[in-house]
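Working notes for the structure below.
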There are 2 protein chains.
Amino acid sequence: MNKELKTRLQDVAKHSGVSMMTVSRVLNKNGMVSDKTRAKVQVAVKELNYRPNVSARRLASSKSFFLGLLYDNPSTSYVSQFLLGSLKFCRASGYHLVVDEADNDLAKTLKSVKELINITQVDGLILLPPVCDIPEVLDTLTTANIPFVRVSPNSQLHISPYVCMDDYQAAFEITEQLINQGHINIAHIIGHPDVGASRLRYQGFLDALRSNKISVPPEYIEQGYFTYKSGLSAAQKLLSLENRPSAIFASNDDMAAASISAAHMNNIQVPSALSVVGFDDTSLASTVWPHISTVRQPIQEMAKMAVELLVSGKFDDPTSTKKSDLRHVLDFEIIQRESSAELR
Amino acid sequence: MNKELKTRLQDVAKHSGVSMMTVSRVLNKNGMVSDKTRAKVQVAVKELNYRPNVSARRLASSKSFFLGLLYDNPSTSYVSQFLLGSLKFCRASGYHLVVDEADNDLAKTLKSVKELINITQVDGLILLPPVCDIPEVLDTLTTANIPFVRVSPNSQLHISPYVCMDDYQAAFEITEQLINQGHINIAHIIGHPDVGASRLRYQGFLDALRSNKISVPPEYIEQGYFTYKSGLSAAQKLLSLENRPSAIFASNDDMAAASISAAHMNNIQVPSALSVVGFDDTSLASTVWPHISTVRQPIQEMAKMAVELLVSGKFDDPTSTKKSDLRHVLDFEIIQRESSAELR
DNA sequence: ATTTTTCGTGTTAGCGCTATCATATTGTTC
DNA sequence: GAACAATATGATAGCGCTAACACGAAAAAT
C-alpha cells in the first residue's frame, strides 16, 4: 500500500485554502458551505483527483457505507445481472455491497437480516422478490429503522421506496403484439404465485385479450412457478389440448424455453406452428433456439436506481416522505425474436 | 449504527487481562504470543463474540483488506457462480471484493488493473479465464508486486498460484462413459481457442478414444467459442454429415444446449438418436430439455480456494514459494442426465 | 445602534485498530 | 551467576476522516 500516492483530505484543504472540515462538508453535501467556497473546493478535488478513504470515513462517521442485498431464489441470471449492476454503482458511490441469500426457512432469513443490521451494520438494504414481500422481514427492518428499497414488490407499497417496471403494461403489449400477428388462441403460463409480478402480467394478458374481444377458455391458463420444469409440464398440457393454442405467453423466459422444448418434443415447429413469447430477457432468451421474443426488464438500471435511492439518504427518515415519491418505474422494451411470428 | 452493541478490541483486552496489542497479535496470527496467552485471548474473543472492525483495521494497517476480481466474458452463469462464491468467502475472512469486468480492449483492461492497484489498493487479485492468460496483465501485476491467483490458467503456470480442475481427466472420463454406452461415432465441439481448458478437454477426448482404439474422422471435430451460437453452427455441420455421429461431446454446456437445439431442428431425437454431453454443469444444463449430462466444475469451491490463497498471505513474497505449492486441483464429478444414453 | 438570529467556517477530539519502539520476561552460554 | 540473546508483552502515536462544538461575520430584529 503506497502511502505517498494517495491524496488526502488535508491535501485538498491546503490546495484550496480552507480547513479539512469545509472540504468534508462539500464532499458530503450536508452542512452549509457558501457557493464560492464550494466551487473552490470542487476544483481542488478535481485537480488532485481526490478519492475519499472509505475506511476512514466509515470509522469516523455514523454511517457504515455498507449496503445489503438480500435475494431469494428466482432465476440465477436475474440475480447475477442485478448483482453486477449494484456492485458497479455501489463502487461508484463509495459503498460496499454485502450479499446474502435468504433461506427458504423464515427463521434463518430473519437471522440473516438481523446479522446484516447488527454485525455488518448496513446503512440500507435492497430486497429482491420474493423476499421483498415477507411481512416479518419488512417488520424487522421497519422496527430497526433501517432504510430499505424493494424491487418489484407486491404488497404494502406505502412502507418503503421501490423500483419496478410496468409489468401489467408490458404483458398487455406483448400479448397485443401476438394478437396483431393474427393469433387468437393464446395460452398463458402464470408465474410463481408468491411473486406479485405474476399477477400483473396475467392481468395484462387478460385485458389485452378482452380489449380485442377475444375470449380465453380456462384450459388455456396454466399455473407455473418460474422454473423450467414447471413450464415444461404446463406447456405439455397446453399442447395436448384438443383445440391447441397457436401462441403461448409464458410469464418468464425459463418457462418460455420450456414451452419451446415441449413443442420440439411434440414435433411442433416454432414459430411456424406455435409462437412462444417470454418475459425478462435473461441470457436464456438468446441461448435457446429459436431465440425467444420477450420483454426486456432493465435489471441493471433497476439495480442502479435501488442503490441510488439508498445512497441519496432521502428515505432515511421514514416519516417525512410522501407516498408519491416511493414509486420508481423504469421502462421496458418489447424484443421481437424468432420464437414468435405472424400466424399463417 | 448502534455503538453500544459492538465489542471492541479494548473489551477483549480487558476481559482477558492483557493489552490491546497482544489481542491484535493473536488475531493477526503474526508476532509472537505465548501459547498460554493466546488461549486466554481466544477464549475471550469467543465469549464476547468479538468481530474486528474492518475499517479501523484497514485504516491502521498496511493492508487494504480488499481483493479484486477481474473477469472476462465467458458464460454469465459461470461468472455469477464464481462471484457468489468469492463474495461469501471474502466476507467470512473480513475482506471485501471489488469486481471489474475486463474489456475486450487491452488498454482498457490494463487501466482497470492499474486502478485496482493504485486507487482501490487491493491486497490481491483473482483472474478468471481468459484474462488470466494475458501476458501484459500478468506483467503489470508482477511488476507492481501484487499477489494474484489465477483460475484455470493456460500458460506461465510457474508465476502465480492457481486453482483448476483436471479438465483432461474429466474429458477423458465423460468420453469413456459415452464409449461404454456403446458409442463409437463421437464428435467433439472444441471450446474457445484462447481458453486453455479447451485444449485439455480436446486432448482428454482424443486420448479416451485412442485408448479404446476408436479413430476419429477429422470432420467430427468442430471449433466452437463457448457460445450458444458457435455451438449451433458447429452442431449443424456435424448433424448434416453423411456418417452422422451418434454422440456429441461439447466443450461446455452452452454448446451442448446448442447441439440439442440443432438436433431438434433436424428432427433427431435426443438421446435416442443422438447423445449429447456438455461441460461445467451451469444452470443451463438443467434448464434445457433434455437435461444435459455434463461434468460438474466445483466453481464455488474454486472461488473459495482462490480467496483463501490470497488471504493466507502465503504467496505475498513471490521469491520464497516453491513451484509445487502453486497448483491447486479440485475434484470434478460426472453428472449423468437425460441427454445421453446407451446406444441402441 | 444594539441585541438576536442566522450562516459559514475552523478547532478539537476521537472512531478502532496496528506500527513502532520500549520494556519485561524468559532462556542460553561460558 | 553475569552477560547476552531470544521471546513475550506493553505504551504511545497515529492512520484519514467526521461529530460536536466554538467562534466570528453577516443579516435580521429590536
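If you check residues 89-98 of chain A against DNA chain C, you find no residue with a heavy atom closer than 4.0 Å.
Among the nucleotides C:dC17, D:dT18, C:dT18, the one closest to the side chain of B:Asn53 is C:dC17. Nearest nucleotide to the side chain of B:Leu9, out of C:dA19, D:dG16, C:dT18: C:dT18.
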Protein and nucleotides 6-11 of chain D: nitrogen or oxygen contacts under 3.5 angstrom:
{"from": "D:dT9", "atom 1": "OP1", "to": "B:Ser34", "atom 2": "OG", "distance (Å)": "3.2"}
{"from": "D:dT9", "atom 1": "OP1", "to": "B:Thr37", "atom 2": "OG1", "distance (Å)": "2.5"}
{"from": "D:dT9", "atom 1": "OP2", "to": "B:Ser34", "atom 2": "N", "distance (Å)": "2.9"}
{"from": "D:dT9", "atom 1": "OP2", "to": "B:Thr37", "atom 2": "OG1", "distance (Å)": "3.1"}
{"from": "D:dG10", "atom 1": "OP2", "to": "B:Ser19", "atom 2": "N", "distance (Å)": "2.7"}
{"from": "D:dG10", "atom 1": "OP2", "to": "B:Ser19", "atom 2": "OG", "distance (Å)": "2.9"}
{"from": "D:dG10", "atom 1": "OP2", "to": "B:Thr22", "atom 2": "OG1", "distance (Å)": "2.7"}
{"from": "D:dG10", "atom 1": "N7", "to": "B:Arg25", "atom 2": "NH2", "distance (Å)": "3.0"}

Dump every N/O contact between nucleotides 22-27 of chain D and the protein below 3.5 Å, one line per pair.
none

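Judged as a side-chain hydrogen bond (donor to acceptor under 3.5 Å, both in side chains), and not counting sequence neighbours, the contacts of B:Ser19 are B:Thr22. Contacts of B:Ser86 classified as side chain to side chain contact (heavy atoms under 4.5 Å, CB included), with partners at least two apart in sequence or in another chain: B:Leu69, B:Phe82, B:Leu97, B:Ala303, B:Val307. Here A:Leu48 pairs with A:Thr7, A:Asp11, A:Val12, A:His15 under the side chain to side chain contact (heavy atoms under 4.5 Å, CB included) rule; sequence neighbours left out. Take A:Leu330 and apply the side chain to side chain contact (heavy atoms under 4.5 Å, CB included) test, not counting sequence neighbours, and it matches A:Pro298, A:Glu301, A:Met302, A:Met305. With sequence neighbours left out, A:Ser24 forms a side-chain hydrogen bond (donor to acceptor under 3.5 Å, both in side chains) with A:Asn28. Residues passing the side-chain hydrogen bond (donor to acceptor under 3.5 Å, both in side chains) test with B:Thr140: none are found, sequence neighbours excluded. Under the side chain to side chain contact (heavy atoms under 4.5 Å, CB included) criterion, A:Pro161 pairs with A:Val149, A:Leu309, A:Phe315, A:Leu326, sequence neighbours left out.
To the nearest angstrom, C1' of D:dC15 lies 4 Å from CG of B:Leu59.
Between A:Leu127 and the options A:Ser160, A:Ser152, A:Cys132, A:Pro153, a side-chain contact (heavy atoms from CB on, under 4.5 Å) holds for only A:Cys132. For the pairing with A:Leu70, the side-chain contact (heavy atoms from CB on, under 4.5 Å) check across A:Asp100, A:Ile126, A:Val98, A:Val99 returns one residue only, A:Asp100.
Stem analysis of DNA chain C (Watson-Crick or G-U pairs, both distances under 3.5 Å, runs of at least three) returns C:4-30 with D:1-27.
Side-chain atoms of B:Asp72 and B:Leu128, non-hydrogen and from C-beta on, never get closer than 4.5 Å to each other.
Using a 3.5 Å distance cut-off with no hydrogens or angles, the side chains of B:Arg58 and B:Ser64 do not pair a donor with an acceptor.
The side chain to side chain donor-acceptor pair (under 3.5 Å) contacts involving residues 34-45 of chain A comprise A:Ser34-A:Thr37, where partners must be two or more places apart or lie in separate chains.
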